[in-house]
There are 2 protein chains.
Amino acid sequence: MLEAQSMQLMVADRLRARIIAGDLETGVGLSEIALAAEYGVSRTPVREALKQLQTEGLVEIRPRVGTFVSTPTRADIVELFQMKEILEGAAARLFAARGEIPELEALRRNLETSDEAVARGDVAGYAAQVGDFHDLIVRGSGNRKLVTHYTMLMNQLAYPRLVATSLSRPGRLGESDAEHGRVLAMIVAKDEWTAERLMREHVRASQEALLGAMVFAGDADARS
Amino acid sequence: MLEAQSMQLMVADRLRARIIAGDLETGVGLSEIALAAEYGVSRTPVREALKQLQTEGLVEIRPRVGTFVSTPTRADIVELFQMKEILEGAAARLFAARGEIPELEALRRNLETSDEAVARGDVAGYAAQVGDFHDLIVRGSGNRKLVTHYTMLMNQLAYPRLVATSLSRPGRLGESDAEHGRVLAMIVAKDEWTAERLMREHVRASQEALLGAMVFAGDADARS
DNA sequence: ATATGTTCACTTGCATGCAAGAGGACGTGA
DNA sequence: TCACGTCCTCTTGCATGCAAGTGAACATAT
């Protein structure tokens, strides 16, 4: 399963995962020859993988200089959150219009698991559910273009890393879970516009919780 | 200006333009070696250009088989129009919140030119303004991520080719121009949510005019 | 005539060699 | 000590050679 596909796809997938997870230090460090040696391939597939990651917005290729992990500026982060709110809001609305689909049942199970995690005060457990919740909303839109571009944008945000931070604010855990529940209720009720509004408000609340927590955390990411 | 940048960028730009304009027949026909000969370069830059166009959704690379111009299915087109409505609606809202920016003055000039074209019954002249109008709205959002992803999605639609078709319905020309004017008025009035609503309604009306015209035109594009 | 097995031309995937440019290190002068 | 000019190493950009897989044409057997 690891070697079956093409080399460039393997390199691209692994590099993408490492960048999102934050394993790769931002700034310098992506030499084609070094990566080629690391993955046991030649420069060519590495090169093509890097080119794809560039159009995905994850790395920046400076001609004749080098390839670097993209460092989102503060303005980038603001824009990405705007896009998150727009796309997830629209997705919730489209979801609500579709009625009973497999994603809806998955969403109900997600809420049950989340409620239990909150009841236990299990932040890590809840954080894991949050990612699934948002992915389910987006996939439940039934619009594959939306899913694709949403994924690309959230990869630029390295969102999974941020969720835990946003939940560190006292009381945010329960608020977030309650907001999820209200969104689900509106989807079940097929109230498209209220679903969109609540989803947007939820995204904005999460963003504010995150930005607030980041200030106190000393601005771990996002150097200007 | 044509040869200054890198070869792969030139090839990518030219190919993209040809695909959007419809010069390249959909389906088969993008051999790396043929394109290399045509542009006077080797396979390598052609290959990298094709890879980029693939992640942009314009071509499809089937491993060991060949590269083909992507043919949007009917479902793809529906999804793309949904995205167009979502993104342009959000852009109009963000635009309205920004007040006096250079794009606003450009938008006023665009409307004047459009009004004159409509008064003359100049369909081609108006069609040219339509593209600019929508681009100005999107760029006026002030969100570069929105601009980037909107552009990618509209490239997949090969939108410029479709505008003329959508305007072929009797009376649509004046309707479209009037809708543009109302959107502009709401942006000037800084009424964010009405701007978004009117913009979305405009996009939907254009889509319906297009789909209606395409049925009568014998479904020139969009084979399933 | 139809179905089937085989071959073959053509495609892209990957490896490697060479060239050109960028940026820093280093030496030199004041 | 500081400013400046030169060189040198390292980077990617492009060209090319080889290998492997695909799909269709073709011959063959039923």
Side-chain angles (χ1 to χ4, degrees), chain A residues 1-19 23-71 223, chain B residues 1-19 23-71 73 156 223:
Chain A
M1 176 175 168
L2 273 178
E3 303 291 347
Q5 5 190 25
S6 65
M7 292 305 203
Q8 54 177 299
L9 202 68
M10 178 198 73
V11 174
D13 287 344
R14 291 185 151 193
L15 269 179
R16 189 185 301 110
R18 289 175 63 181
I19 292 174
D23 287 354
L24 285 170
E25 278 314 311
T26 170
V28 75
L30 292 182
S31 152
E32 291 178 3
I33 191 169
L35 290 171
E38 180 176 346
Y39 290 110
V41 297
S42 83
R43 278 181 52 208
T44 306
V46 171
R47 200 175 158 64
E48 306 196 341
L50 288 175
K51 179 131 196 60
Q52 168 152 1
L53 293 181
Q54 180 188 37
T55 75
E56 290 181 15
L58 290 178
V59 306
E60 180 187 0
I61 301 177
R62 297 226 301 259
R64 310 276 182 189
V65 177
T67 303
F68 311 88
V69 178
S70 286
T71 321
R223 47 206 80 169
Chain B
M1 178 174 165
L2 273 178
E3 303 290 347
Q5 5 190 30
S6 65
M7 293 305 205
Q8 54 176 299
L9 201 66
M10 179 197 74
V11 175
D13 287 345
R14 291 185 152 193
L15 270 178
R16 189 186 301 110
R18 289 175 64 181
I19 293 175
D23 289 352
L24 286 170
E25 279 313 312
T26 171
V28 76
L30 292 182
S31 151
E32 289 179 5
I33 190 168
L35 290 171
E38 181 176 346
Y39 290 109
V41 296
S42 83
R43 278 181 53 209
T44 306
V46 170
R47 201 176 157 63
E48 306 196 342
L50 289 175
K51 179 132 197 60
Q52 169 153 359
L53 293 180
Q54 180 188 36
T55 74
E56 290 181 15
L58 290 178
V59 307
E60 181 186 359
I61 300 176
R62 299 227 297 259
R64 310 276 181 187
V65 177
T67 303
F68 311 89
V69 178
S70 286
T71 321
T73 65
Q156 292 180 39
R223 44 208 81 168

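Side chains included, hydrogens not; waters and symmetry mates left out as well; all remaining heavy atoms used. Residue numbering restarts at 1 for every chain, and letters A, B, ... go by the order of the sequence lines.
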### Query
Roughly, in whole Å, what's the span from CD in A:Q8 to P in C:dT12?
13 Å
### Message
We want to know whether B:Q52 and B:E48 form a side-chain donor-acceptor pair, criterion being a heavy-atom distance below 3.5 angstrom.
### Response
no
### Task
Determine: side-chain N/O of A:R43 to OP1/OP2 of C:dA15, distance under 4.0 Å, yes or no.
no
### Message
If you compare every side-chain N and O of B:R47 against the phosphate oxygens of C:dG13 (OP1, OP2), does one of them come in below 4.0 Å?
### Response
yes
### Query
Nearest-Å distance, CD (A:E32) to C1' (D:dC10)?
12 Å
### Query
Between D:dG13 atom P and B:E48 atom CD, what is the distance in whole Å?
7 Å
### Query
Where the side chain of B:V65 is defined as all heavy atoms beyond and including C-beta, which of C:dT12, D:dC14, D:dG23 is the nearest nucleotide?
D:dG23
### C:dC14 OP1/OP2 closer than 4.0 Å to side-chain N/O of A:T44
no
### Task
Take atom CG of B:L30 and atom P of C:dC10, then tell me their distance rounded to the nearest Å.
18 Å
### Summary
Picking from D:dT16, C:dA20, C:dT12, the nucleotide nearest the side-chain atoms of B:S42 would be D:dT16
### Query
Between A:R62 (CZ) and D:dG13 (P), how many Å, whole number?
13 Å
## Note on the structure
A:I33 atom CD1 is separated from D:dT12 atom C1', nearest whole Å, by 11 Å
### Query
5'-most contact on DNA chain D: A:G66 or B:R64, nearest heavy atom basis?
A:G66
### Rounded interatomic separation in angstrom, taking CD from B:Q5 and P from D:dG13
14 Å
### Query
Do B:R18 and B:E38 sit within salt-bridge range, that is, some charged N less than 4.0 Å from a carboxylate O?
yes
### Query
For the pair made of CG in B:L50 and C1' in C:dT12, what is the distance, rounded to whole Å?
11 Å
